[in-house]
Participant: 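Below is the structure I would like to discuss, written out as structure tokens.
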Amino acid sequence: MTQAKVHFFPSEPLVALLGNPNCGKTALFNLLTGSRQKVANYSGVTVERKEGRLHFDSGKVIRILDLPGAYSLYPRSLDERVTCNVLHGNAIGEKRPDLVLCILSAMNLRRNLRLVLSAKRLGLPCVVVLNMVDIAKRQGLEINTEALSGLLGLPIIQSVGIEANGADALKHYLAQLDWKNLSALQVSNVDEGEESTVDHSAHTESDNIEVHHILQSLNLDQIIPDEVSDRLDAVLLHPVFGPIILCVLLFFIFQAVFSWATWPMDMIKAGVEWLGLIISNALPDHWLRSLLIDGILAGVGGVLIFLPQILILFFFILLLEESGYLPRAAYLLDRLMGRVGLSGRSFIPLLSSFACAIPGIMATRSISNPRDRLVTILIAPMMTCSARLPVYALLISAFIPDKTIGYVLDLQGFVLFILYIAGILGAMVVAWVLKRFTSEKLRLNALMMELPSYHLPRLSNLAIGLWQRAAIFLRRVGGIILIMTIGLWFLASFPLPPENASGASIQYSVAGMIGNALAVVFEPIGFNWQISIALVPGMAAREVVVSSLATVYALSSAGAEAADALVPLISNSWSLATALSLLAWFVFAPQCLSTIAAVKRETGSWKIPLVMLSYLFGLAYLAAFITYQLSLFFGLG
Ligand SMILES: Nc1nc2c(ncn2[C@@H]2O[C@H](COP(=O)(O)OP(=O)(O)OP(=O)(O)O)[C@@H](O)[C@H]2O)c(=O)[nH]1
Ligand SMILES: [Mg+2]
């Protein structure tokens, strides 16, 4: 029997946003559709197509697609391919767009116009949107849009992607379009099918000449230097000062994560304690009280407390993203990364992995070299994702004294910095080893990367970014972490201990038995049965290890006071060797199933995720073993 797939498309008109990377497509998409997709000042932020809807006052609705940025319609990387597939009508489950909005950055007409010329050959109705006119005005750049429109043979609408009403003119234009008859926006000389036989170098040549003519006739062919950015780059990209400033910046961020977070963390802790007190006064000593206090409050409260640290870290990451500094950091690190066989291109996906490995792995779509992309995917989980932060922060608070050395160096922040560096170094070593297995030919590492102008980050963007991060974290706390905590509470509370039992009741529970069995495997690396239990639900999400430890220890101790007391409990019952070993484990261990699923999705088979899972577990065990044995040797046991 033969099978056929039939796709049904919504009847509304479909509009695709096409443009060079970083020209403001997503900013406009958000303004048009009210979405909150990620906008940042570097190329390659959007790597998937995203759909939104624009509702007009008349009741009419159109669908809008935000697409990854493309330099040309001859795709060189996976994200550019996504864009081309949509435009050629080859995207699975999507019809060919009815209209293409070609977004131009007023600040880089030469390169942006080449894409407009290619887009015209698609044979789709096209409208040009001239974005970033605010910067152009500030820099005294006068663009005669009417003349440009005449030369291109297409309507031009101006926009400012960062102002609340910056897309109003575009909305108005779209509202009055006759969607049944868009042929006036169509250019007839169509020849750029994907399988086109036309030599595209011929187009490139003629497009270059045409763009040159257009710019000349508009008096725009001289390059206007961005003096502020140039002056900043003279320092920030200086061969000596540049790397020093980058190091100081990163170091400062980790210091701030600890030193700024103290009072909001204290407030959350006090809130959790207060709630625990209310519940224990209100309820009799009953299983429900244990579930609420030892299970939910200990577990969820134990993770919630790290929200301020996560937000501080993201505040800085967003600041770096919005300002335009990130691609500069990639440039500074390019040579260093070249030594291990990677290019600076891998830097941004790796940096995204500090939030979470999944967007990092997706961001590798912008790496055109398949070998570089694979290596970057394989090492991305070693970057310290924000889910590790609660685990690190817990162990650091319990075992590293809260001291300031020489007025500036916060010891806890310094240890956190070292842990981040350990992840990065581990990743670089793995990349270097992988380089040995790759033929010379595949190691083409020239870095071609656009350096955007510096922008002053907008407070509203920062606030939205932080709010989104907080929402993601709170959803995890209220979702997976809560569910795992309740599940673990049941497993750790039943079956009940026998009448004459001597130890804590958890020892007799299902979780206790599993923990004791696993402890045999983990004994050589210094993990006790409580840690062994916590590692299992921790496979769902790393923070669950913290909530699980809180629940396990709350149930192991006699009273109901344990909801907030995980730090003193572990610092009294674990040796420093165990804590260091657990930290080493977490630098490498692939404690997150969704990452493995994302790797499967991105690489298309189970081979790479399985390789990743085994090598990361192997590395984690080895690192923890060496750390533990060395610590014992130095008398820290
Ligand atoms: N001043 C100014 N900045 C803008 C404007 N439109 C967008 N931006 C900024 O330009 C940067 C890039 O915007 P994005 O919307 O992420 O660009 P994009 O085209 O989606 O980029 P990719 O997804 O990487 O292809 C961000 O820092 C925006 O805040 C504008 O009209 N004026
Ligand atoms: Mg985008």
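Position 1 is the first residue of the sequence; numbering continues from there. Every value quoted in this text rests on a predicted model; they were computed, and no experiment measured them. Counting starts at 1 for both ligands and their atoms, in listed order.
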Participant: May I ask you to check whether P21 has an N/O atom sitting below 3.5 Å from an N/O atom of ligand 1?
Facilitator: no
Participant: Applying a heavy-atom cut-off of 4.0 Å, say which part of T26 lies close to ligand 1: side chain, backbone, both or neither.
Facilitator: both
Participant: Taking the basic N atoms (NZ, or NE/NH1/NH2) and the acidic carboxylate oxygens, is any pair closer than 4.0 Å for K38 and E321?
Facilitator: yes
Participant: Quick check on the 6.0 Å ring-centre criterion: do Y420 and F354 meet it?
Facilitator: yes
Participant: side-chain hydrogen bond (donor to acceptor under 3.5 Å, both in side chains) for N20 and N108? Distances and angles first, verdict last.
Facilitator: CA-CA 10 Å; N20 280 176; N108 198 336; over 6 Å; no
Participant: Output, in order, the C-alpha distance, side-chain angles, deciding distance and verdict of salt bridge (Lys or Arg N to Asp or Glu O under 4.0 Å) for D57 and K60.
Facilitator: CA-CA 7 Å; D57 293 340; K60 186 169 179 61; over 6 Å; no
Participant: Give yes if a backbone or side-chain nitrogen or oxygen of A40 is under 3.5 Å from a nitrogen or oxygen of ligand 1, and no if not.
Facilitator: yes
Participant: With respect to D134, determine whether any N or O atom, backbone or side chain, lies less than 3.5 Å from an N or O atom of ligand 1.
Facilitator: yes
Participant: Does only the side chain of E163 get under 4.0 Å from ligand 1, or the backbone, or both, or neither? Count heavy atoms.
Facilitator: neither
Participant: Looking at the Mg ion (ligand 2), is one of the N, O or S atoms of T26 less than 2.8 Å from it?
Facilitator: yes
Participant: So, S35 side chain and Q37 main chain: donor-acceptor pair closer than 3.5 Å or not?
Facilitator: no
Participant: Would you say the ring centroid of W260 lies under 6.0 angstrom from that of F316?
Facilitator: yes
Participant: Can you tell which of H212, R121, R114 makes a side-chain hydrogen bond (donor to acceptor under 3.5 Å, both in side chains) with D207?
Facilitator: R121
Participant: Show the atoms of ligand 1 that are less than 4.0 angstrom away from any heavy atom in A27.
Facilitator: 7 (C), 15 (O)
Participant: Consider ligand 1: state whether an atom of it lies below 4.0 angstrom from any non-hydrogen atom of F29.
Facilitator: no
Participant: If you measure every N or O of V45 against every N or O of ligand 1, does any of those distances drop under 3.5 Å?
Facilitator: yes
